Amino acid sequence: MTDRYAVFGNPIGHSQSPRIHSLFAAQTGQDMSYQAILAEKEGFVAAVSAFIAAGKGPARGANVTVPFKAEAFRLATRRTPRAEAAGAVNTLSFDNGAISGDNTDGAGLVRDLKHNLGCDPAGRRILLLGAGGAARGVILPLLLENPAELVIANRTEETAARLALEFARLPGCAVGAKPDGTGFGGLAGRQFDLVINATSAGLSGAVLPLPTSVFAPRCVAYEMVYGRATPFMQQAGAAGARVADGLGMLVEQAAEAFFIWRGVRPHTAQVLAALNERA
Ligand code: NDP
């Protein structure tokens, strides 16, 4: 019997996850299927239940994307510490009625930075732009890499300040720099070695009010959005930064989920190359 997996979201038509996981399965010889499921905005739990109940093989797990990550967090009967810190779940595992929840976004980002881009966060001054779900998911994994500094800057300054305070109080944060929260106005005159854009501004083509000085010499600028050249990428490139988009993070967070489910870590380089070829 083939083990079954799915990704739930709304919208979901654009999702690359079925392709990524089928490439992982072929590469590692795993007998599994993976489908994209469009859940109604109010129907996430019902859709997951229907997926578990129906089908020929056993349902083993699921990925969860916008807008259901908080609901998946509540659905999980047990959660990993990194999912607790993120307050969101993007990976569910089903086992005899128990539902385990994890969040692989931060691990995916860190792996992309370290292994694909040769950019180790350790000792770097990091600027994280945005304070929504994506930013929240990567803060603890970044802090655990021992950066020299982590500043969270957001359009709504209070959200950044609240988020920084919340993570500064986490016991795990004692090993890294305590994060600091600010608005974009608080960035004047400051410099960073790694600038990560976790805002959704790029989706609407909005330009972030960033002083050019935030990009230190040899800075890496990471845009979580992928598949388009965003104003942030153009801004960073013009300031001399090395620019990357979020496709590597997407593939690496999927690889982490695959590892949780199957106990095998797929090679991501060839999958990333295949996706880049199609882009
Ligand atoms: P949320 O809606 O939770 O948060 C959006 C954030 O963007 C907020 O901080 C918001 O600020 C800010 N923002 C939105 N528009 C603007 C603007 N015009 N100017 C300045 N700030 C703005 O979204 P998520 O955190 O879930 O996702 C953020 C992005 O990350 C998305 O584009 C998503 O595609 C991407 N992503 C990529 C992943 C990958 O694997 N590559 C994984 C997860 C997410 P405010 O608080 O002021 O509203």
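When reading the values below, keep in mind they use all heavy atoms of this one structure, side chains included, and skip hydrogens, waters and symmetry mates. Counting convention: from 1, in listed order, for ligands and their atoms alike. For clarity, every value in this text was computed on a predicted model and none was experimentally measured.
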message: For atom 42 (C) of ligand 1, tell me which residue out of Glu158, Glu223, Met249 has the closest non-hydrogen atom.
response: Met249
query: Between Ala206 and ligand 1, does any nitrogen or oxygen pair lie at a separation below 3.5 Å?
result: no
Mind listing the side-chain donor-acceptor pairs of residues 127-137 below 3.5 Å, one per line with the distance, residues two or more places apart or on another chain?
unit_1: Arg136; atom_1: NH1; unit_2: Glu166; atom_2: OE2; d: 2.9
unit_1: Arg136; atom_1: NH2; unit_2: Glu166; atom_2: OE1; d: 2.9
unit_1: Arg136; atom_1: NH2; unit_2: Glu166; atom_2: OE2; d: 3.3

Per-atom contact, atom 33 (C) of ligand 1, protein heavy atoms, under 4.0 angstrom: no
query: Does Ala83 offer a backbone N or O that forms a donor-acceptor pair with the side chain of Thr80 under 3.5 Å?
result: yes
query: Who's the nearest protein heavy-atom neighbour of atom 47 (O) of ligand 1, and how far?
result: Thr156 OG1, 2.5 Å
message: Please verify the inter-ring angle class for Phe258 with Phe24; under 30° counts as parallel, over 60° as perpendicular, anything in between as tilted.
response: perpendicular
- request: Give the numbers and elements of all ligand 1 atoms closer than 4.0 Å to a heavy atom of Gly132.
  value: 3 (O), 4 (O), 9 (O), 25 (O)
NE2/His267: more than 12 non-hydrogen atoms of other groups inside 6.0 Å: no
Side-chain touch Arg190/Glu149, heavy atoms, less than 4.5 angstrom: yes
query: Has ligand 1 got any nitrogen or oxygen that is less than 3.5 angstrom from a nitrogen or oxygen of Gly133?
result: yes
- prompt: Nearest to atom 27 (O) of ligand 1 by heavy atom, Ala134, Ala254, Gly106: which?
  reply: Ala134
Any Arg4 side-chain heavy atom under 4.5 Å of Tyr34 side chain: no
- prompt: Hey, is Val66 touching ligand 1 through its side chain, its backbone, both or neither, going by heavy atoms under 4.0 Å?
  reply: neither
query: Any idea which part of Ala198 is under 4.0 Å from ligand 1, heavy-atom wise: side chain, backbone, both or neither?
result: backbone
query: Polar-atom distance check: Tyr226 versus ligand 1, any N or O pair below 3.5 Å?
result: no
task: Around atom 48 (O) of ligand 1, find the nearest protein heavy atom and jot down its residue, atom name and distance.
output: Arg155 NH2, 2.9 Å
task: Give yes or no for whether the N/O distance cutoff of 3.5 Å, strictly under, is met between Thr159 and ligand 1.
output: no
Ion pair Glu252/Arg111, N-O distance below 4.0 Å: yes
Beyond-backbone contact of Leu109 with Tyr222, side-chain heavy atoms, under 4.5 angstrom: yes
- prompt: Side-chain contact, heavy-atom cut-off 4.5 Å: Val243 with Glu223?
  reply: no
field: Check: Gly246 N/O within less than 3.5 Å of ligand 1 N/O
entry: yes
field: Options Glu252, Lys69, Met224, ranked by nearest heavy atom to atom 41 (N) of ligand 1, top entry
entry: Met224
salt_bridge(Lys41, Glu71) N-O dist < 4.0 Å: no
Atom indices of ligand 1, in the order listed, that fall short of 4.0 Å to a heavy atom of Leu250: 40 (O)
message: Could you tell me, atom by atom, which parts of ligand 1 come under 4.0 Å of a heavy atom of Gly130?
response: 9 (O)
Ser100 side chain reached by Asp95 side chain, heavy atoms, under 4.5 Å: no
query: Hey, which atoms in ligand 1 end up nearer than 4.0 Å to a heavy atom of Val225?
result: 32 (O)
- prompt: Are there protein heavy-atom neighbours of atom 2 (O) of ligand 1 below 4.0 Å?
  reply: no
message: I'd like to check whether Ala131 has a polar contact with ligand 1, where a contact means an N/O of the residue lying under 3.5 Å from an N/O of the ligand.
response: yes
query: Which ligand 1 atoms, with their elements, are less than 4.0 angstrom from a heavy-atom of Leu208?
result: 19 (N), 20 (C)
- prompt: Hey, what's the ring geometry for Phe215 with Phe232, parallel, tilted or perpendicular (30° and 60° as the breaks)?
  reply: tilted
query: Under 6.0 Å between ring centres, would you say that holds for Phe44 and Phe68?
result: yes
- prompt: Which residue holds the protein heavy atom closest to atom 46 (O) of ligand 1, what is that atom called, and what is the gap in Å?
  reply: Asn154 ND2, 2.9 Å
task: Below 4.0 angstrom from a heavy atom of Leu203, which ligand 1 atoms are there? Numbered from 1 as shown, please.
output: 32 (O)
query: Mind checking whether Asp105 has an N or O less than 3.5 Å away from an N or O of ligand 1?
result: no
message: Looking only at protein heavy atoms, which one is nearest to atom 5 (C) of ligand 1, and what is the separation?
response: Ser200 OG, 3.5 Å
query: Quick one: are Lys69 and Asp105 in side-chain contact, heavy atoms under 4.5 Å?
result: yes
- prompt: When you look for heavy atoms under 4.0 Å from ligand 1, do you find them on the side chain of Thr199, its backbone, both, or neither?
  reply: both
message: If the condition is salt bridge (charged side-chain N to carboxylate O under 4.0 Å, His left out), which residues does Asp3 pass it with, not counting sequence neighbours?
response: Arg60, Arg262
query: Does the Asn63 side chain pair with the main chain of Asn90, one donor and one acceptor, at a distance under 3.5 Å?
result: yes
- prompt: Does the protein put any heavy atom within less than 4.0 Å of atom 7 (O) of ligand 1?
  reply: yes
message: Is there a polar contact, in the sense of an N or O pair closer than 3.5 Å, between Gln253 and ligand 1?
response: no
